[in-house]
Trainee: 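Could you have a look at this structure, given as structure tokens, before my questions?
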Amino acid sequence: MTDTKELDSKYIAKTYARFPLEIVSGKGSVLTDEKGKKYIDLGTGIAVNIFGMCDDEWIEAVTEQLSKFQHTSNLYYSRPCAELAELLCEKTGMKKVFFGNSGAEANECAIKAARKYAAEKKGAVYSTIITLKNSFHGRTVTTLAATGQDVFHKDFLPLTDGFDYAEANNIGDLREKVSQNKTAAIMFEAVQGEGGVNPLDKDFVEEMAKIAKEQDILLIADEVQIGNGRSGMLYGYMNYGITPDIVTTAKGIGGGLPIGIAMLGERVQDVFGYGSHGSTFGGNPAAAAGALSILKRIDDKLLSEVKAKSDYIVNELSGAKGIKSVSGMGLMLGIETERDSTEVLNECMEKGVLVLKAKTKIRLLPALNIPMEELKRAIEILKRVCAS
Ligand SMILES: *Cc1c(COP(=O)(O)O)cnc(C)c1O
């Protein structure tokens, strides 16, 4: 049998520089590679496996649905996606839900909803979406345009028109960008993930919400990474006491199967009419049944566990040898290290701990239910590597 690495490099497009590691199985927060070596996972497939690998309840929800029917198309009703939409609306106060398959697709939906709403309400020239510098909103041509980082843009120009970028945590700049454009919406991540695990300031978010309200501009919260319990609240924006008009999410709520969700609030709930948007796989019954089982379990008890584990990590790492700073919220943390972060990541992997990077920081996105014992062991190893 040909080695997986050989097959991969021969036949798969070179978009991913992979680590020399093949995961063959896992349970909870422990993964096993092809040689039988075990790793404590602090990355969860980039904030996806929020209850760890092969979680029993999630598997049961998905397989039960799979044994009934796996897909129907959106021409017919199906129970899991209706129930998931109901629970999302109950837990957030949003009014209507659109299902797609990824974070990018959720954001595409949000952008389309905002443009259609603004065009109908204020006129078609009100099409600009203001996003923040250093943001990340996806890899499609339009969500790349929304992403406020030139490095992602450069090879794919021209991107979709009608985006402008304001500096995060600079309310003057945001005001200026809003006034320079015919603005439909402002889109933000409560904690910028790919941009370096930087939470927005409370003042900035409150002012942003005020500007949006005053000028009838929609507020779009991209909760693809920080959402679904990771921040210590169900959604990251909830930490700021604001109410967005549109909330997008993906990653963690799928528990490992692809799903993307755009939730539409009061003002925009009826923006789409029949045929104005769609997705073949969107609301797939197996993915939706899994997501429903996940969402049901993000309760107050779990959220207080998230906060306690976050406090533990922050306390252990802040001021520790070789660590310059710790940023983030809940179980989405960025660590600025004295050593080169790629070296830290590789050495942690050698020692059986998987971490991620965000820009030049080490990024931690552990399972929300990671057992305390495993978390302690992993943080101990990370500390030792940073100090060496
Ligand atoms: C990962 C991510 C996306 C894109 O999600 P995909 O599922 O990869 O399309 C969008 N926004 C944020 C904040 C993300 O972290």
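What you see is a predicted model; the values in this text were computed from it and never measured. First listed ligand is number 1; within each ligand, the first listed atom is number 1. Below, all heavy atoms of this structure are taken into account, side chains as well, without hydrogens, waters or symmetry copies.
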Trainee: Which is closest to atom 15 (O) of ligand 1 in terms of heavy atoms, Glu194, Lys251, Glu108?
Mentor: Lys251

Trainee: Give me the other members of the hydrophobic cluster that Met187 sits in, counting Ile, Leu, Val, Met, Phe, Trp and Tyr linked by side-chain heavy atoms under 4.5 Å, directly or via other members.
Mentor: Ile111, Tyr117, Ile129, Phe163, Tyr165, Leu218, Ile220, Ile246, Leu264, Val268, Val271, Phe272

Trainee: Got the closest protein heavy atom to atom 9 (O) of ligand 1, with its distance?
Mentor: Ala104 N, 2.8 Å

Trainee: Is there a salt bridge (Lys or Arg N to Asp or Glu O under 4.0 Å) between Lys324 and Glu338 once you walk through the steps?
Mentor: CA-CA 6 Å; Lys324 292 198 219 163; Glu338 273 166 24; over 6 Å; no

Trainee: Using the side chain to side chain donor-acceptor pair (under 3.5 Å) rule, collect all pairs that involve residues 190-201, keeping only residues at least two apart or in two chains.
Mentor: Glu194-Gln225, Glu194-Arg363, Asn198-Lys361

Trainee: Have a look at ligand 1 and work out which part of Ser102, if any, has a heavy atom under 4.0 Å from it: side chain, backbone, both or neither.
Mentor: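 The answer is both.
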
Trainee: Please determine if Gly103 has a nitrogen or oxygen closer than 3.5 Å to a nitrogen or oxygen of ligand 1.
Mentor: yes

Trainee: Side chain, backbone, both or neither: which applies to Glu189 and ligand 1 if a contact is any heavy-atom pair less than 4.0 Å apart?
Mentor: side chain

Trainee: Give the minimum heavy-atom separation between Thr128 and Asp164, together with the two atoms involved.
Mentor: CG2-N, 4.1 Å

Trainee: What protein heavy atom sits nearest atom 11 (N) of ligand 1, and how far away is it?
Mentor: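 Among all protein heavy atoms, the one nearest atom 11 (N) of ligand 1 is Asp222 OD2, 2.8 Å.
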
Trainee: Evaluate side chain to side chain contact (heavy atoms under 4.5 Å, CB included) for Leu368 paired with Leu331, printing each intermediate quantity in order.
Mentor: CA-CA 7 Å; Leu368 306 188; Leu331 289 178; 4.1 Å; yes

Trainee: Using a 6.0 Å distance limit plus a 45 degree cone around the ring axis, check whether Arg139 lies over the aromatic ring of Phe152.
Mentor: no

Trainee: Looking at atom 6 (P) of ligand 1, is any protein heavy atom nearer than 4.0 Å to it?
Mentor: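 Neighbour list for atom 6 (P) of ligand 1 includes protein heavy atoms (cut-off 4.0 Å).
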
Trainee: Check for me, please, whether Leu365 and Val344 land in the same ILVMFWY cluster - side-chain distances under 4.5 Å, paths through other members count.
Mentor: yes

Trainee: List every atom of ligand 1 that sits less than 4.0 Å from any heavy atom of Gln225, numbering the atoms from 1 in the order shown and giving each element.
Mentor: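 Selected atoms, number and element: 15 (O).
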
Trainee: Can you name the nearest heavy-atom pair linking Ala61 to Ser293, along with the distance?
Mentor: CB-CB, 3.7 Å

Trainee: Which of the atoms of ligand 1 are close to Asn107, meaning less than 4.0 Å from one of its heavy atoms?
Mentor: 10 (C), 11 (N)

Trainee: With a heavy-atom distance limit of 4.0 Å, tell me whether Ile226 approaches ligand 1 through its side chain, its backbone, both, or neither.
Mentor: neither

Trainee: Can you confirm, on distance only, whether ligand 1 has an N/O atom lying under 3.5 Å from any N/O atom belonging to Gly138?
Mentor: no

